[in-house]
Q: 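A single structure is presented below for examination.
A note on names: the letters A, B, ... follow the listed sequences, proteins ahead of strands, and every chain is numbered from 1.
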Amino acid sequence: MPVPAERAEAEAIVQEFKPLFESETIEKIGQNLKYDAIVLKNYGVELGGPYWDTMLAHYLWEPDLRHNMNFLAETYLQYAPVKIEELIGKKGVNQGNMRDVPLEQIKEYAAEDADITIQLRDFLAPKLNDNQLEKLFREVETPLVKVLADVEYAGVRINPHFLMEYSGVLAEKIVALEEKVLKQAGFTFNIASPKQVGEALFDQMKIPYPGKKMKSGQYSTDEEILSELALTHPICADILAHRGLMKLKSTYVDALPTMINPKTGRVHSQFNQTIAATGRLSSQNPNLQNIPIRTIEGREVRKAFIPRDADHVLLSADYSQIELRLIAEISGDEAMLDAFQKGLDIHTATAAGVYGVPLDQVTSDQRRAAKTVNFSIIYGAGATNLSNQLGIKRAEAKELIENYFKQYSGLKKYMTDIVEFARTNGYVETLLGRRRKLRDIDSRNGMMRSMAERIAINTPIQGTAADLIKVAMINIREALIAGNFQSKMILQVHDELVFDVQKDELERLKPIIFDKMTTAIPNLKVPILVEMGVGENWLEAH
DNA sequence: GCACTCACG
DNA sequence: ACGTACGTGAGTGCG
């Protein structure tokens, strides 16, 4: 029976099923249960008891594929289900409502949906078992569904007035830059069009194209090229500045206020559990995992993220250097473990080793280079790329890497061993046994093979960091419930958790969050460090 | 709908 | 002599 639009009527129907949904013994099988959990939350019903999500199961088994039900049904059941568009039309403003669809059609659709879901469970359950993924499924991904449902439901408060005022400031700066650019050019073009910018600079103004790369016959005008040209051609600096402000204004400053839910007055981003093949979460509508922080103008946006009311503050807790700590842990490299155990700044320690100077004599340039090398290692990059990143000769980059591996010989061994493991087994895995298949690891195509090798190196690191914070989130949710806290987890940004904390609870909650985050994976050799900050907005808290 | 660009970890 | 450094999402232009 369709649930009617009328609130009281709908509630009455949902109440009938409440004991079923909240039962701690009856198993619920579904595709994307986070969605259902949130629908039920809206009616005051908490998804309870054992539940089994086919989307999550497929994500763990085939993290690089897609996980929607139509794909799964067609791929594994050789069955094409009725598409929802056939009932309510394509996505968009003109999309209809399920309530207007004839009951006969809804019945078919709903029954088919349920039938496919249980068939998929029967198909997928052995896959988890065969790949030792059951524990990760049962103890991490499944409980995380309720954590994410809570986070999405809680949402985050945004100050629209602050952003609208800032929008005006940006608009003025953008107009000024636009006039400045066009005046320098001496003719009119659309600065927001990379195509027109390329033609303006390299055809009309005859600036020599620094021939980096041509994609589809079009000049590239990306940050790398324009910032190089900016040294000799000020117009390029202004185009870059214009682009930066446009991005800031359209993607964040103007967009965020429109995303406020009128019923709650808050922004409810979705946290996707089955997008990133490494095990990370992703965020959309809006993406709250890429809010600016690196530039002065960008950071302003974070001031718009505020506590729910005057009785709350924001608390941010983030893992320090988590991926480097985990590569030290996983590789077992003695020197890097030692540096972390001594509490050293890892980039400074790396520079000291690579350049053979005492810790207190490392220059800022040496530290910066060492930092770049540390990250390039995580990504599995080679000398060519490192030389590009640092703007040095390839031979110098090669020497830098050789010195690096002299210092951290365990890392070198890890990198060769993990690629070898991938060749032998066809997959790599994280500390908690999350797996990623690498079908191209033996490819005759060198580019594809290299890509697979970099993935083999990076995925256990990035994926273990994802495992760690997921476990922490689950344990923190349990602690919040057990301690009867009113404070809420409201954001996850890969190595950071943000909480809307009731002021009275702050001092009681801080050590709990710290403890759950640092001990999510027990008995590590490397110390795990968490930094916490509190403030009246996200920028202050960070 | 794709390419480009750029925001984050 | 190189070749996209790993993982994402969103806005814009343009065909």
Q: Please pick, from B/dT5, C/dC14, C/dG7, the nucleotide with the shortest atom-to-atom distance to any side-chain atom of A/Thr221.
A: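 Closest of the options to the side chain of A/Thr221: B/dT5.
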Q: Regarding A/Arg394 and A/Thr384, do their side chains bring together a donor and an acceptor under 3.5 Å, going by distance alone?
A: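 Yes - a donor-acceptor pair under 3.5 Å links their side chains.
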Q: Which listed nucleotide (C/dA5, B/dA7, C/dT12) is nearest to the side chain of A/Arg454?
A: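 Taking heavy atoms from C-beta onward, the closest nucleotide is C/dA5.
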Q: Would you indicate, yes or no, if C/dG11 has its OP1 or OP2 atom less than 4.0 angstrom from a side-chain nitrogen or oxygen of A/Thr251?
A: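 For C/dG11, OP1/OP2 do not have a side-chain N/O of A/Thr251 under 4.0 Å.
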Q: What's A/Gly446 touching, base or sugar-phosphate or nothing? Going by heavy atoms closer than 4.0 Å.
A: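 Base, at least one base heavy atom under 4.0 Å.
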Q: Taking atom types as modelled, find out whether A/Gln289 and A/Gln492 have a side-chain donor-acceptor pair closer than 3.5 angstrom.
A: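 Per modelled atom types, A/Gln289 and A/Gln492 side chains form a pair under 3.5 Å.
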Q: Can you say whether the rings of A/Trp61 and A/His58 are parallel (under 30°), tilted (30 to 60°) or perpendicular (over 60°)?
A: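 A/Trp61 vs A/His58 ring planes: perpendicular.
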Q: How would you label the contact of A/Thr459 with the nucleic acid (heavy atoms, under 4.0 Å): base, sugar-phosphate, or nothing?
A: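 Since no nucleic acid heavy atom lies under 4.0 Å of A/Thr459, the category is nothing.
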Q: Can you tell me which nucleotide in B/dG9, B/dA7, B/dC4 comes closest to the side chain of A/Pro194?
A: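 Among the listed nucleotides, the one closest to the side chain of A/Pro194 is B/dC4.
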Q: Picking from C/dA5, B/dG9, C/dG9, which would you name as closest to the side chain of A/Asn272?
A: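 Shortest atom-to-atom distance from the side chain points to C/dG9.
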Q: Indicate, with a heavy-atom threshold strictly under 4.0 Å, whether A/Gln389 touches base, sugar-phosphate, or nothing.
A: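 Base contact.
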Q: Categorize A/Arg299 for me: base, sugar-phosphate, or nothing, with a 4.0 angstrom heavy-atom threshold over every strand shown.
A: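 Result for A/Arg299 = nothing.
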Q: With the side chain of A/Asn287 defined as its heavy atoms from C-beta on, choose the nearest nucleotide among B/dA7, C/dC6, C/dG9.
A: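 Of the options given, the side chain of A/Asn287 lies nearest C/dG9.
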Q: Looking for any heavy atom pair under 4.0 Å, which part of the strands does A/Ala465 touch: base, sugar-phosphate only, or nothing?
A: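 Nothing, no nucleic acid heavy atom in range.
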Q: When both hydrogen-bonding distances must be under 3.5 Å and the geometry is Watson-Crick or G-U wobble, what is B/dA3 paired with, if anything?
A: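 By the stated definition (distances under 3.5 Å), C/dT12 pairs with B/dA3.
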Q: With a 4.5 Å heavy-atom cut-off, do A/Phe187 and A/Met205 have their side chains touching?
A: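 Answer yes - side chains close enough.
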Q: Phosphate oxygens OP1/OP2 of C/dA5: is one of them under 4.0 Å from a side-chain N or O of A/Asn458?
A: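 Negative; the distance criterion is not met.
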Q: Looking only at atom P, what distance separates C/dA5 and B/dT5, rounded to whole Å?
A: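 It comes out at 13 Å once rounded to the nearest Å.
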Q: What's the closest nucleotide to the side chain of A/Ile275 if the choices are C/dG7, C/dT8, B/dG9?
A: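 Taking heavy atoms from C-beta onward, the closest nucleotide is C/dT8.
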Q: So A/Ile455, base contact, sugar-phosphate only, or nothing? Heavy-atom distance under 4.0 Å.
A: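 Counting heavy atoms under 4.0 Å across all strands, the contact made by A/Ile455 is with sugar-phosphate only.
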Q: Nearest nucleotide by nearest heavy atom, which residue falls closer to the 5' end of DNA chain C, A/Gln284 or A/Arg280?
A: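 With A/Arg280 and A/Gln284 compared, the 5'-side residue is A/Arg280.
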Q: Heavy atoms only, 4.0 Å cut-off, all strands: where does A/Ile378 land among base, sugar-phosphate and nothing?
A: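 Result for A/Ile378 = nothing.
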Q: Confirm from the modelled atom types if A/Glu223 and B/dC6 form a donor-acceptor pair under 3.5 Å, side chain to base only.
A: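 No, no donor-acceptor pair under 3.5 Å.
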Q: Of the nucleotides C/dG3, C/dG13, C/dC6, which has the atom closest to the A/Gln462 side chain?
A: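 Taking heavy atoms from C-beta onward, the closest nucleotide is C/dC6.
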Q: Between the side chain of A/Tyr209 and the main-chain N/O of A/Leu201, is any donor-acceptor distance below 3.5 Å?
A: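 No.
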Q: Which nucleotide, B/dC4, C/dG3, B/dG9, lies nearest any side-chain atom of A/Gln218?
A: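 That would be B/dC4.
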Q: Do the ring planes of A/Tyr427 and A/Phe421 sit parallel (below 30°), tilted (30 to 60°) or perpendicular (above 60°)?
A: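 Geometry flag for A/Phe421 against A/Tyr427: perpendicular rings.
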Q: Given the structure, check if the side chain of A/Lys247 and the base of B/dC6 hold any donor-acceptor pair shorter than 3.5 Å.
A: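 Yes, a donor-acceptor pair under 3.5 Å.
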Q: When we call it a touch if two heavy atoms are under 4.0 Å apart, what does A/Leu248 touch: a base, just sugar-phosphate, or nothing?
A: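 Nothing, no nucleic acid heavy atom in range.
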Q: Hey, does A/Glu323 reach any base, or is it just sugar-phosphate, or nothing, if we go heavy atoms under 4.0 Å?
A: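 It contacts nothing in the nucleic acid.
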Q: Could you tell me which nucleotide pairs with C/dC2 by Watson-Crick or G-U wobble geometry, both distances under 3.5 Å, or answer none if nothing does?
A: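 Because no pair has both required distances under 3.5 Å, C/dC2 counts as unpaired.
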Q: Would you classify A/Asn385 as touching base, sugar-phosphate or nothing, given that sugar-phosphate means primed atoms plus P, OP1 and OP2, and contacts are heavy atoms under 4.0 Å?
A: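 If one applies the 4.0 Å heavy-atom cut-off, A/Asn385 turns out to touch a base.
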Q: Quick check against the 3.5 Å criterion: does A/Glu152 have a side-chain atom that pairs as donor or acceptor with the backbone of A/Phe271?
A: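 Here the side-chain-to-backbone pair exists.
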Q: Taking the side chain of A/Ala381 as its heavy atoms from C-beta onward, which of C/dA5, C/dC14, C/dT8 lies nearest to it?
A: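 Comparing C/dA5, C/dC14, C/dT8 against the side chain of A/Ala381, the answer is C/dA5.
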Q: Under 4.0 Å: is that the gap between some side-chain N or O of A/Arg394 and OP1 or OP2 of C/dA1?
A: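 A/Arg394 to C/dA1 OP1/OP2: no side-chain N or O under 4.0 Å.
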Q: Hey, does the side chain of A/Ser193 come within less than 4.0 Å of C/dC14's phosphate (OP1/OP2), counting only N and O?
A: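 Affirmative; the distance criterion is met.
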Q: Just to confirm, is there a sub-4.0 Å distance from OP1 or OP2 of B/dC4 to any side-chain nitrogen or oxygen of A/Arg243?
A: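 A/Arg243 to B/dC4 OP1/OP2: no side-chain N or O under 4.0 Å.
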Q: Could you tell me whether the phosphate oxygens of C/dG3, OP1 or OP2, come under 4.0 Å of any side-chain nitrogen or oxygen in A/Asn388?
A: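 Indeed not, no polar side-chain atom of A/Asn388 lies that close.
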Q: Contact class for A/Ser376 (heavy atom, under 4.0 Å): base, sugar-phosphate, or nothing?
A: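 If one applies the 4.0 Å heavy-atom cut-off, A/Ser376 turns out to touch a base.
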Q: Under 4.0 Å between a side-chain N or O of A/Ser283 and OP1 or OP2 of C/dG9?
A: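 Checking A/Ser283 against C/dG9: no side-chain N or O falls below 4.0 Å of OP1 or OP2.
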